[in-house]
Asks: 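This structure is in C-alpha cells; I'll ask about it shortly.
As the structure is a computational prediction, the values presented were derived from the model and not from experiment.
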Amino acid sequence: MEKFGSCLVITRHELLESQRKDIEDICRQIVVKPELPVDASKLSQFIDPFDAVIGTFPISLQLEILKNKKALITFMMKSLGVADDEKGARELASKYENMTVVLTPSKPGEKYRVLLYEGIKRIVEIKVVDEWVIRHSS
C-alpha cells in the first residue's frame, strides 16, 4: 500500500474513527479543512503543498485535482436507507458501529439519511466521452 507524505482531507463533518484510521494508514501528515476553493488558480495554490487530496468531490473538482498531479482519494459511502426521525436513523446506524454517518435533514419534510463507510478508493483516471445532441453550424 502506497503511503503519502502529506494529505489534505476535505470534510465538513467529523471523521468517523474508521475513516481517521484509514487515512492515518496511508498518510504520514494530515491536514483537515472544510472546503476547497473552486477557482482553478486558487485551488492549484491551495493543494500545491500536498501529495494527496481526500474527500468527496463533484466531478469538476476531481478533474482539477488530477490536472494538478495530486493523488485523488475518495470516501466510499453506501446508503443504508432513510428514517423519519433521528431515533429511527440511529437505530439503523447502530448495526454498524463506528462505520455510519447520520445526515440530518437540510429542509423541513426531508428524511434522515444513513450512510455506511465502506473504505477509500484512489481515482486514477477520469474519462469524459461526449457526443453532439444538437449542433448548430457557425
Asks: Can you tell me how far CG of Leu43 sits from CG of Leu61, rounded to the nearest 0.5 angstrom?
Replies: 6.0 Å
Asks: What is the minimum heavy-atom distance between Val102 and Tyr112, and which atoms define it?
Replies: CG1-CD2, 4.0 Å
Asks: Using the side-chain contact (heavy atoms from CB on, under 4.5 Å) definition, which of the options Ile123, Leu63, Leu72 pairs with Phe57?
Replies: Leu72
Asks: Side-chain heavy atoms nearer than 4.5 Å, only ILVMFWY residues, links allowed to pass through others: does that put Phe46 and Val9 together?
Replies: no
Asks: Does Glu17 come within less than 4.0 Å of Arg20, counting only side-chain N to carboxylate O?
Replies: no
Asks: Would you indicate whether the side-chain heavy atoms of Val114 and Val82 approach each other to under 4.5 Å?
Replies: no
Asks: Could you check Ile65, Ile23, Ile54 and say which one makes a side-chain contact (heavy atoms from CB on, under 4.5 Å) with Ile73?
Replies: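 Only one option passes, and that is Ile54.
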Asks: Does a donor on one side chain and an acceptor on the other come within less than 3.5 Å for Ser106 and Glu110?
Replies: yes
Asks: Atom NZ of residue position Lys121 - does it have more than 12 heavy atoms of other residues, nucleotides or ligands inside 6.0 Å?
Replies: no
Asks: Would you give the length of the straight line joining atom CG of Asn68 to atom OG of Ser44, rounded to the nearest 0.5 angstrom?
Replies: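 Reported value, rounded in 0.5 Å steps: 4.0 Å.
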Asks: Treat each ILVMFWY residue as a node, draw an edge where side-chain heavy atoms are under 4.5 Å apart, and state whether Leu36 and Ile126 are in one component.
Replies: yes
Asks: Treat each ILVMFWY residue as a node, draw an edge where side-chain heavy atoms are under 4.5 Å apart, and state whether Val53 and Val32 are in one component.
Replies: no
Asks: For a quick test of reading the model, state the closest non-hydrogen atom pair linking Gln19 to Leu16 and the distance between them.
Replies: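 Scanning both residues completely, I find the closest heavy atoms to be OE1-N, 2.9 Å.
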Asks: Roughly how far apart are Lys95 NZ and Leu80 CG, rounded to 0.5 Å?
Replies: 8.5 Å
Asks: Between Arg90 and Glu86, does any side-chain N to carboxylate O distance fall below 4.0 Å?
Replies: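 Salt bridge: yes.
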Asks: Please determine whether residues Leu92 and Leu116 belong to a single hydrophobic cluster, defined as Ile, Leu, Val, Met, Phe, Trp and Tyr linked transitively by side-chain heavy-atom distances below 4.5 Å.
Replies: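 Leu92 and Leu116: one cluster.
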Asks: Which value, rounded to the nearest 0.5 Å, describes the distance between Lys111 atom NZ and Leu103 atom CG?
Replies: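 Between atom NZ of Lys111 and atom CG of Leu103 there are 15.0 Å.
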Asks: At their closest point, which heavy atom of Ala89 faces which heavy atom of Ala83, and how far apart are they?
Replies: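 Closest heavy-atom pair between Ala89 and Ala83: N-CB, 3.3 Å.
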Asks: Where do Val129 and Lys127 land on the side chain to side chain contact (heavy atoms under 4.5 Å, CB included) test, with the steps shown first?
Replies: CA-CA 6 Å; Val129 178; Lys127 183 177 179 180; 3.8 Å; yes
Asks: Compare every heavy atom of Gly88 with every heavy atom of Asp85, then report the nearest pair and how far apart it is.
Replies: OD1-N, 2.7 Å
Asks: Could you check whether Tyr117 and Asp22, counting side-chain N and O atoms only, form a donor-acceptor pair closer than 3.5 Å?
Replies: yes
Asks: Under a 4.5 Å cut-off applied to non-hydrogen side-chain atoms, are Asp51 and Lys70 in contact?
Replies: no
Asks: Would you call Met77 and Glu118 a side-chain contact if the rule is heavy atoms closer than 4.5 Å?
Replies: no
Asks: Could you please spell out the steps behind the salt bridge (Lys or Arg N to Asp or Glu O under 4.0 Å) verdict for Lys21 and Glu24?
Replies: CA-CA 5 Å; Lys21 183 192 172 310; Glu24 289 170 353; over 6 Å; no
Asks: Between CD1 of Ile47 and NZ of Lys69, what distance do you get to the nearest 0.5 Å?
Replies: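 Between Ile47 CD1 and Lys69 NZ, I get 11.5 Å after rounding to 0.5 Å.
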Asks: Which atom names give the shortest non-hydrogen contact between Pro49 and Ser6, and what distance separates them?
Replies: O-OG, 3.2 Å
Asks: When you check the side-chain N and O atoms of Ser18 and Asn98, is any donor under 3.5 Å from an acceptor?
Replies: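 Asn98 and Ser18 do not have a side-chain donor-acceptor pair below 3.5 Å.
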Asks: I'd like to know if Tyr96 and Phe75 are part of one continuous hydrophobic network [Ile/Leu/Val/Met/Phe/Trp/Tyr, side-chain heavy atoms within less than 4.5 Å].
Replies: yes
Asks: Any side-chain heavy-atom pair from Thr74 and Ile120 closer than 4.5 angstrom?
Replies: no
Asks: Between atom CG of Leu8 and atom CG of Asp48, what is the distance when rounded to the nearest 0.5 Å?
Replies: 11.5 Å
